[in-house]
Amino acid sequence: MKATAKANSNTALIKYWGKKDEELIIPMNNSISLTIDSLTTYTTVEFSQDFLEDSFILNNEKQIEKALERVVKHLNLLRSLAKVDLKAKVISKNNFPTAAGLASSASGFAALTLASCKALGLKVNSRELSILARQGSGSAARSVLGGYVEWLVIDEKNDSSVIQLADKDWFDIRDIIVIFEKHKRKISTRDAMKLSMETSPFYKARLETIEENLAKIRQAIKDKNFSLLGKTAESDCLSMHSVAFTSDPSLIFWTGETLAIMTLVKSLRDDGLEAYFTIDTGSNMHILTLPKYAEKITGILKELPYIRDVIVAKPGDGATIVNDHLF
Ligand code: PMV
């Protein structure tokens, strides 16, 4: 009863920001993302009667309290489905700098769900896998599939799952991930989006523009229209952050460096290097561009003293089972 899975992170082009159902993690709106190849989590899970309690080691560090509780809660969901009552050992590794504060819950919960299902003998298809991964972390649902993915509030079978809009080879773009010094987020995404829904006067306005932006991104992917994709993703990012700013208390995820790079991205565009930014709940950011501009832009970024690391990602694969166990 042991299995290992690998899952990639994803970059939201239309963001998920708010839940209809807190427990089942049903989002308020559909979201669209690109699964990327450079931020990967590997997770081995084993269920055995030799284990007296669940344990979780991430990047060689034993996890306790909230981090452990979240994993145990997810294991309980999967164990109850499989009607198995054995404790588990979970070892996870990210292939990206951990101290950088890059979101790893998407790749992490996608890998944990797939490895656990396999180890428990649960036969699930990718739709069912996304429904389970979603309950660990919303954005993990999208990392189940590769390429361009839409997470549906409600699918044809009356549940919230994901579909692939296009595979990773359909439309080749680059996601340049810009990492600043570590700034630890003080609030969880779960609490942050709840606060936004409850207090931001802009929340309703954001929802009113979502359908139009989703349609634009779908069209941009279909037509391989990078300008439309980038412009719409950047605009949705600003919409999500406007909601965050106007929450009470206000949620400001940006730093001076974030703003400096936002300005730089605009000037790159003016100079003919087409690029757009998107930012989640941290100061680190993503610059979307075309393969032909990636090297030039990366060179410019690497000159900046306040940037700690730059990772160039391509469209990537969905979660898969691998044979090499971590223990
Ligand atoms: O899946 P969570 O709970 O980490 O939430 C992700 C929220 C955003 O990253 C800000 C947006 C998104 O769609 O990924």
Side-chain angles (χ1 to χ4, degrees), residues 1-10 16 19-27 40-94 103-145 151 155 157-162 188-191 318-327:
M1 298 186 78
K2 180 172 180 176
T4 302
K6 160 187 176 189
N8 287 317
S9 180
N10 67 76
Y16 143 57
K19 298 174 182 61
K20 266 193 174 72
D21 187 312
E22 285 283 324
E23 199 44 44
L24 291 173
I25 313 201
I26 311 282
T40 311
T41 303
Y42 292 83
T43 299
T44 300
V45 182
E46 183 176 10
F47 294 89
S48 163
Q49 53 194 18
D50 295 344
F51 306 141
L52 300 177
E53 54 183 16
D54 291 323
S55 63
F56 172 37
I57 294 172
L58 173 62
N59 299 320
N60 300 319
E61 266 181 47
K62 193 172 162 50
Q63 304 294 303
I64 52 166
E65 296 169 354
K66 275 197 175 158
L68 175 65
E69 281 161 26
R70 231 178 131 185
V71 165
V72 170
K73 186 169 180 232
H74 201 56
L75 290 170
N76 287 342
L77 167 76
L78 302 168
R79 272 188 290 238
S80 73
L81 274 178
K83 301 194 172 49
V84 167
D85 199 17
L86 299 171
K87 298 292 180 202
K89 177 172 173 179
V90 179
I91 295 199
S92 241
K93 268 196 167 60
N94 294 329
S104 56
S105 69
S107 54
F109 275 94
L112 176 69
T113 309
L114 179 57
S116 303
C117 285
K118 174 89 175 154
L120 289 165
L122 282 172
K123 298 227 175 334
V124 286
N125 59 27
S126 59
R127 176 184 167 272
E128 291 157 343
L129 194 62
S130 77
I131 289 170
L132 294 171
R134 183 195 86 205
Q135 295 173 67
S137 172
S139 56
R142 298 185 310 235
S143 277
V144 164
L145 295 174
W151 175 17
D155 66 12
K157 290 187 180 160
N158 224 6
D159 208 331
S160 176
S161 68
V162 299
S188 67
T189 49
R190 179 181 283 256
D191 291 344
T320 49
I321 290 290
V322 292
N323 293 325
D324 288 337
H325 298 312
L326 296 175
F327 63 92

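Along the sequence shown, residues are numbered consecutively beginning with 1.
The side-chain heavy atoms of V71 and L58, taken from C-beta on, include no pair separated by under 4.5 Å. Contact check for T189 versus Y16: no side-chain heavy atoms found under the 4.5 Å cut-off. Looking only at side-chain heavy atoms (C-beta outward), T43 and V90 come within less than 4.5 Å of each other. Within the 4.5 Å cutoff, side-chain heavy atoms of L114 are placed close to those of I321.
D21 meets the side-chain contact (heavy atoms from CB on, under 4.5 Å) test with E23, L24, I26; sequence neighbours excluded. By the side-chain contact (heavy atoms from CB on, under 4.5 Å) test, E22 pairs with K19, R190, K194, sequence neighbours left out. Listed by chain and number, the residues in a side-chain hydrogen bond (donor to acceptor under 3.5 Å, both in side chains) with D155 are R127, S161 (sequence neighbours excluded). Listed by chain and residue number, nothing satisfies the ring-ring contact (aromatic ring centres under 6.0 Å, His included) test with F47 (two or more places apart in sequence, or in another chain). The side-chain contact (heavy atoms from CB on, under 4.5 Å) check on S143 picks up N10, A106, A110, with sequence neighbours excluded. Partners of L68 by side-chain contact (heavy atoms from CB on, under 4.5 Å), not counting sequence neighbours, listed by chain and number: F56, V72. For T40, the side-chain hydrogen bond (donor to acceptor under 3.5 Å, both in side chains) partners at least two apart in sequence or on another chain are N8. Residues satisfying the side-chain hydrogen bond (donor to acceptor under 3.5 Å, both in side chains) test with S130, not counting sequence neighbours, are none. In terms of the side-chain hydrogen bond (donor to acceptor under 3.5 Å, both in side chains) criterion, residue partners of K93 (sequence neighbours excluded) are, by chain and number, N60.
Between the CD1 atom of I57 and the CD1 atom of I91 there is a distance of 4.0 Å, given to the nearest 0.5 Å. Atom OG1 of T113 sits about 6.0 Å away from atom CG of L78, to the nearest 0.5 Å. Rounded to the nearest 0.5 angstrom, K89 NZ and D54 CG are separated by 12.5 Å.
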Query - Residues R70, S137; criterion side-chain contact (heavy atoms from CB on, under 4.5 Å); working and verdict - result: CA-CA 9 Å; R70 231 178 131 185; S137 172; 3.5 Å; yes
Requested in this report: Applying side-chain contact (heavy atoms from CB on, under 4.5 Å), run through L75 and S116 and close with a yes or a no.
Outcome: CA-CA 8 Å; L75 290 170; S116 303; 3.7 Å; yes
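Residue-environment remark: CG (N125) exceeds the threshold of 12 foreign heavy atoms within 6.0 Å. The 12-atom threshold is not exceeded at NZ of K118, counting heavy atoms of other residues, nucleotides or ligands nearer than 6.0 Å.
Pairs passing the ring pair (Phe, Tyr, Trp, His ring centres under 6.0 Å) check and including a residue from residues 109-133, sequence neighbours excluded, read H74-F109. Legend: salt bridge (Lys or Arg N to Asp or Glu O under 4.0 Å) pairs involving residues 128-143, not counting sequence neighbours, sorted by first then second residue: R134-D159.
Shortest non-hydrogen contact noted between I25 and G138 is CG2-CA, 3.8 Å. When every heavy atom of S160 is checked against every heavy atom of I131, the shortest pair comes out as O-CG1, 3.5 Å. The shortest heavy-atom contact between A111 and A5 is O-CB, 3.5 Å.
Checking side-chain atoms of N94 against main-chain N and O of N59 turns up no donor-acceptor pair under 3.5 Å.
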Mind listing the side-chain donor-acceptor pairs of residues 80-87 below 3.5 Å, one per line with the distance, residues two or more places apart or on another chain?
| residue | atom | partner | partner atom | Å |
| --- | --- | --- | --- | --- |
| S80 | OG | N76 | O | 3.4 |
| S80 | OG | L77 | O | 2.9 |

